[in-house]
Structures are given as structure tokens and as C-alpha cells.
S.K.: 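Quick one: the structure is below, and I'll ask about it shortly.
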Amino acid sequence: MKTVFSGLKPSGDMTIGNYLGAMKYWPAHQGIARTIFFVPNAHAITVRQDPAELRKRTYDLIAWLLTVGLDPKQSIILVQSKVSAHAELCWILDNYVTMGELGRMTEYKDKSQKLGPTGQLVGLFNYPVLMAADILLYSADEVPVGEDQRQHLELARTIAERFNRLYGETFTLPKATVPKFGARIMSLDNPSKKMSKSDHPDSFIMLAETADSIRKKFKRAVTDSDNTIVYDKTAKPAVSNLLDIYAGFSEEEISDIEKRYKGKGYGDFKSELAELVVEKLTSLQSEFNTIRADEAKLDAVINDGSAKAAKIANEKLDEAKDKIGLL
Ligand code: TYM
């Protein structure tokens, strides 16, 4: 049985990008694969976090995982900081990757440029190695992620191959699985930038966004120059992005949506898209609120999942240590 593994970091509020590009696809693997999902909270501290906020967002994310349909009876659900093997394997893997390789990571280049010298923390640089450790500890075959994580996945694979070549078969080579549509939801105010929770609030829609705010944000969302609803990422990036969002929530083919809006303009399209998103998010939010209210149950999910995960992770860590000659 193959293993499917992925996660979301609690560094801000969840956006529809996180949902449509990644999370939405996770529950369907349950029952078919061994499924392990996690909250990489140690990844979040590469930029300063308020401790109470970080704690709260970690619970929020566990609740979102359950809301979208992950079932703790079928999937292992863990919090990264509860399984110390992640940090230990990260240190080991640090010795099988070069500064040059890490320096080429696009996410690091973008973030370090934005943050300036005082924000260029070693943890930020090392982030992809911790991510490789996360994935390799659980022998993940498939890692369902959005497009922006593909480069990190390739690095994890390179590190695994290098280790295996030196010490014999130890780590499974992971593969990124990226959805056909929605793998890169773009910002609503600038379709050349990825929708991101760390940008201006007008540029993204949170999973927890209120109905009024969803309507306002879609109304303000930029469109392209002619008034036609056609999918063309190069010539019409803004409308193509809105079509990706539409298709992601309605589960329709883009071509069917285009047909329905033939002869109609942006106004109709944007207001109907807003209503579709309001309907879907309102229903997810009401389920989320119920699940989030029971923190004792969330603690039980975290503790049980993290204990199960630690068993798997420690075994792999011991195997790697043994191969290298670490007692
Ligand atoms: P994170 O928390 O930034 O994002 C979580 C998932 O959401 C996807 N995503 C998007 N997809 C489409 N359009 C967007 N605008 C968009 N924004 C985000 C991401 O691709 C991701 O799949 N480094 C990871 C967290 C992580 C991880 C791991 C993931 C740490 N260790 C091991 C998988 C396996 C991250 O920052 O994701």
C-alpha cells in the first residue's frame, strides 16, 4: 500500500489557495493508501510568531483537517513539534545537502529578499531540509501539494537518492502530486502573484472569510481587458484564475463554465462566483466551528496521532542513524 503524506503550516489564516491547491484532495486517499497528514508548526517559526497565536492556529489547522474530511480513524494526524524525530533527521540530512542547493530554492530567494538581512535566519534557509525530513520519515510515495512546493519535493528526492547511494536503500523516493487545475491560485489583485496568506488582505480569501467580505473581494478582484469569460492563462490570467476558483468549488469542467457564460460579462460571472464561494465556505465554516469548539477532542486527536506517528518516524530515524554509524 502506498503512503500519502502532506501538511499545512500554521503561519497565517488558511486561504482558498491552500484548500483548492492541496487540502481538498487529501481525504480521497483515505482507505486506498496509508494516509498521514500533519501541521508543520516548527516550519512556522522561521518568521517571528506570537506564541498564543501560533498555538491557536495549530488547533485551527487540526480542526480544518477534520472539517475537510480527514478521519483520525483512517488517517494519522500529527503535529510536527510532538515528534522530535523530525528535528533529529533534519540535522542528519543537513550533512547531505549543500548551501548551493538550498540557496537555489525559489521560496527562500523570495522570502529572504522580502525580509532583508535580519530576517535571513538559518532556519529559513534550512527549511527545505526539515521538509525533506518530514517526508522521508514516513516513507511517503506521494505528497499532494500545490505547485509552489514542487521544488522542495524535488530536493527531498535528491537528498533521499544521495543517502541511498551512500548507505543502501533507506528512504523511499517521494513524488509531488499536483492538481491539474487550482495548483496555483493567484492573488485577486495581481494575477501574476500566488495567492498567499502573508500578502495584503484584499489579495486573498480566507477559509474563515465572512460572506460580505467574500462578495466585496470578488467585486474588487482585477479582471482582464475584454469582457469575455475564457480560460487563457497567458492572455487572460485574471479571469483564468477566477475560473480555476469557480471550477475548484463547483467541481465542473472549465469548458462547461465557459459555455454557460458565453455572451455574459464579468459582472454576472463575478457575482455568481462570489455566491458559489459564500455557499461552500459558509457550510465548511459551520462544521469547522463545531469541531473547533471541542479542544479536548482536538487534543486527543493530536496526542493519539502524534504517538502513532512517532513510532513510524523513530523506526526510520534509527535505521538512518544505524547506517551512518551513529549509536
Ligand atoms: P503551506 O502551508 O504554505 O501551504 C499548504 C499547501 O497549500 C498549497 N498552496 C497553494 N496551492 C494553490 N494555490 C495557492 N495560492 C497556494 N498557496 C498554498 C501549498 O502548495 C501546500 O501544498 N512547506 C509547506 C509545508 C510543509 C510540507 C511538508 C508540505 C512542511 N513540510 C512536508 C508537504 C510535506 C508549506 O509551506 O505549505
Side-chain angles (χ1 to χ4, degrees), residues 1-9 22 26 29 33-46 65 75-108 122-146 148-178 305-327:
M1 194 188 251
K2 70 178 181 199
T3 297
V4 175
F5 175 85
S6 199
L8 301 146
K9 68 176 185 292
W26 298 348
H29 294 285
R34 178 173 75 152
T35 43
I36 308 176
F37 296 98
F38 84 133
V39 176
N41 56 344
H43 273 98
I45 65 166
T46 54
L65 294 180
S75 292
I76 295 178
I77 297 174
L78 69 130
V79 170
Q80 190 182 34
S81 60
K82 294 251 176 199
V83 183
S84 56
H86 291 244
E88 282 187 66
L89 185 63
C90 175
W91 169 252
I92 290 176
L93 298 182
D94 271 339
N95 303 290
Y96 301 88
V97 62
T98 66
M99 307 261 286
E101 284 170 317
L102 292 183
R104 281 195 288 279
M105 293 294 112
T106 315
E107 193 170 311
Y108 173 73
V122 175
L124 187 72
F125 186 65
N126 206 28
Y127 178 113
V129 187
L130 180 57
M131 184 161 163
D134 300 335
I135 295 166
L136 301 182
L137 278 175
Y138 300 99
S139 308
D141 299 285
E142 281 185 25
V143 185
V145 284
D148 62 340
Q149 296 302 316
R150 209 191 265 280
Q151 194 187 27
H152 289 159
L153 255 298
E154 273 157 25
L155 183 72
R157 205 179 157 93
T158 303
I159 296 174
E161 273 171 337
R162 190 169 292 155
F163 194 100
N164 289 351
R165 234 184 351 260
L166 286 165
Y167 304 105
E169 204 56 31
T170 310
F171 296 120
T172 301
L173 303 186
K175 193 174 111 232
T177 48
V178 173
S306 301
K308 282 186 193 145
K311 263 190 156 172
I312 303 171
N314 287 334
E315 230 173 74
K316 190 47 82 178
L317 175 66
D318 284 346
E319 188 187 339
K321 282 167 72 177
D322 190 50
K323 294 248 168 101
I324 300 167
L326 294 173
L327 302 188

S.K.: If you round to the nearest 0.5 Å, how far is NE2 of H86 from OG of S81?
M.R.: 9.5 Å

S.K.: State whether the number of non-hydrogen atoms from other residues, nucleotides or ligands found under 6.0 Å of K82 atom NZ is greater than 12.
M.R.: no

S.K.: Quick check: do F38 and L65 have side-chain heavy atoms less than 4.5 Å from each other?
M.R.: no

S.K.: Working to the nearest 0.5 angstrom, can you tell me the gap between E107 CD and Q151 CD?
M.R.: 9.0 Å

S.K.: Distance from T177 atom OG1 to E142 atom CD, nearest 0.5 Å?
M.R.: 5.0 Å

S.K.: May I ask you to decide whether E315 forms a salt bridge with K311, counting only side-chain N to carboxylate O separations under 4.0 Å?
M.R.: no

S.K.: My understanding is that only one of V4, L78, T172, V143 makes a side-chain contact (heavy atoms from CB on, under 4.5 Å) with Y138; could you say which?
M.R.: L78

S.K.: In the structure I gave you, are the side-chain heavy atoms of T35 and F37 within less than 4.5 Å of one another anywhere?
M.R.: yes

S.K.: Counting only N and O atoms by type, is there a donor-acceptor contact under 3.5 Å from the side chain of W91 to the main-chain atoms of A87?
M.R.: no

S.K.: Start with the C-alpha distance between K323 and E319, add both sets of side-chain angles, then the distance that settles salt bridge (Lys or Arg N to Asp or Glu O under 4.0 Å), and finish with yes or no.
M.R.: CA-CA 6 Å; K323 294 248 168 101; E319 188 187 339; 3.4 Å; yes

S.K.: Kindly assign one of parallel, tilted or perpendicular to the pair Y96 and Y167, based on the angle between their ring planes and the thresholds 30° and 60°.
M.R.: perpendicular

S.K.: Drop me the distance from E154's CD to E101's CD, to the nearest 0.5 angstrom.
M.R.: 12.0 Å

S.K.: Quick one: closest heavy-atom pair of L153 and V145, and the distance?
M.R.: CD2-CG2, 4.4 Å

S.K.: Could you check whether Y108 and H152 have their ring centres less than 6.0 Å apart?
M.R.: no

S.K.: Ignoring hydrogens, what is the shortest heavy-atom contact between S139 and R34? Give both atom names and the distance.
M.R.: CB-NH2, 4.4 Å

S.K.: Donor-acceptor pair, N314 side chain versus A310 backbone, under 3.5 Å?
M.R.: yes

S.K.: Among L137, L136, L130, find the residue that satisfies the side-chain contact (heavy atoms from CB on, under 4.5 Å) test when tested with D134.
M.R.: L130

S.K.: What is the minimum heavy-atom distance between A160 and L173, and which atoms define it?
M.R.: CB-CD2, 3.7 Å

S.K.: Do you know which two heavy atoms are closest between G305 and I76, and how far apart they sit?
M.R.: O-CG2, 3.4 Å

S.K.: For a quick test of reading the model, state the closest non-hydrogen atom pair linking K2 to A33 and the distance between them.
M.R.: O-CB, 3.2 Å

S.K.: Which heavy atom of T170 sits nearest a heavy atom of K316, and at what distance?
M.R.: O-NZ, 2.6 Å

S.K.: Which distance, rounded to the nearest 0.5 Å, do you find between the CG of L93 and the CZ of F171?
M.R.: 5.5 Å

S.K.: To the nearest 0.5 Å, what is the distance between OG on S6 and CD1 on I135?
M.R.: 7.5 Å

S.K.: Begin from the C-alpha positions of M105 and Y127 and carry the test side-chain contact (heavy atoms from CB on, under 4.5 Å) through to its verdict.
M.R.: CA-CA 10 Å; M105 293 294 112; Y127 178 113; over 6 Å; no

S.K.: Counting heavy atoms not belonging to L102, are there more than 12 under 6.0 Å from its CG?
M.R.: yes

